[in-house]
Amino acid sequence: MPAIDAPTGPARLEHLPSFLLSQAALHIHRVVFDRLDASDARGHHYRVLAALDEYGPSSQVDLGRRCGLDRSDVVSVVDALVDRHFVERAPDPSDRRRNIISLTRRGRNRLFDLELTLTAVQDVAFAPLDADERAQFTAMLTKLVGHHSRTDR
């Protein structure tokens with residue numbers, strides 16, 4: 001069924017930041033998903049590769065925590081990345097029940113390519129905003145996410 005360009009709800013919602021943010025997130029998610037899909041990737045792939053690049057080899061449990069992924073999702077993402085030779089899975093020498101996941105050279109190249117893709121898609125997703133507006137919007141979103149992510153509340 002094709003998308004409809006009609007209003008997405010009652011007019012009284014159009015002034016609520018929460019509603020507007022949800023609507024924008026739906027559109028942006030679609031743009032990002034489509035671009036990643038065209039690159040044969042998923043957002044979870046990028047998150048795991050980026051975490052391994054930033055933090056180094058990690059257990060699957062630590063990857064899940066760092067990436068905000070459920071254990072079963074980590075397993076399927078790691079399986080997909082292992083199949084493509086972007087990461088390696090090896091038993092942890094200090095605890096054979098755990099696996100350590102490491103980024104391969106091919107995985108670093110894939111991460112670089114995905115970063116280019118995600119950078120380019122930002123221009124599409126946020127086209128109506130100029131550079132200053134994007135910076136301000138990013139700062140505001142960072143503030144909101146930080147506030148709602150606090151554990152001391």
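These numbers come from a predicted model, not from an experiment.
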* Can you run down the side chain to side chain donor-acceptor pair (under 3.5 Å) pairs that involve residues 86-95, sequence neighbours left out, and say none if there aren't any? => Gln60-Arg89, Asp79-Arg89, Asp92-Ser94, Asp92-Arg98, Asp95-Arg97
* To do: Please assess His44 against Cys67 for the test side-chain contact (heavy atoms from CB on, under 4.5 Å), listing each intermediate value before the final yes or no.
  => CA-CA 8 Å; His44 294 341; Cys67 297; over 6 Å; no
* Asked: Does one hydrophobic cluster hold both Tyr46 and Leu52, with members joined at side-chain heavy-atom distances below 4.5 Å?
  -> yes
* To do: Flag yes if Tyr55 and Phe86 sit in one hydrophobic cluster, no otherwise; membership is Ile, Leu, Val, Met, Phe, Trp, Tyr, and two members link when side-chain heavy atoms are under 4.5 Å apart.
  => no
Side-chain donor or acceptor of [X] paired with backbone N/O of [Y] under 3.5 Å:
X      : Y      : answer
Ser149 : Gly146 : no
Glu14  : Pro10  : no
Arg106 : His85  : no
Glu133 : Asp130 : yes

* Asked: How about Arg84 and His45: do any of their side-chain heavy atoms sit closer than 4.5 Å?
  ->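 Contact flag for Arg84/His45 side chains = yes.
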For the residue pair [X] and [Y], what are the closest heavy atoms and their distance?
X      : Y     : result
Ala51  : Leu63 : CB-CD2, 4.0 Å
Pro91  : Arg96 : CB-NH1, 3.5 Å
Gly43  : Leu36 : N-CD1, 3.6 Å
Arg110 : Ser39 : NH2-O, 2.6 Å
Leu111 : Ala50 : CD1-N, 3.8 Å

* Can you tell me how far the CG atom of Asp37 sits from the CZ atom of Arg42, to the nearest 0.5 Å? ->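 Answer for the CG-CZ pair, Asp37 versus Arg42, is 4.5 Å.
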* To do: Give, for atom CG of Leu118 and atom CG of Asp113, the distance between the pair rounded to the nearest 0.5 Å.
  => 11.0 Å
* Is Arg65 salt-bridged to Asp62, cutoff N-O under 4.0 Å? -> yes
* To do: Salt-bridge test for Asp123 and Arg134: reply yes if a basic N is under 4.0 Å from a carboxylate O, no otherwise.
  =>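 Salt bridge: yes.
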* Between Ser59 and Ile101, does a side-chain contact (heavy atoms from CB on, under 4.5 Å) hold up when you go through it step by step? -> CA-CA 6 Å; Ser59 70; Ile101 311 305; over 6 Å; no
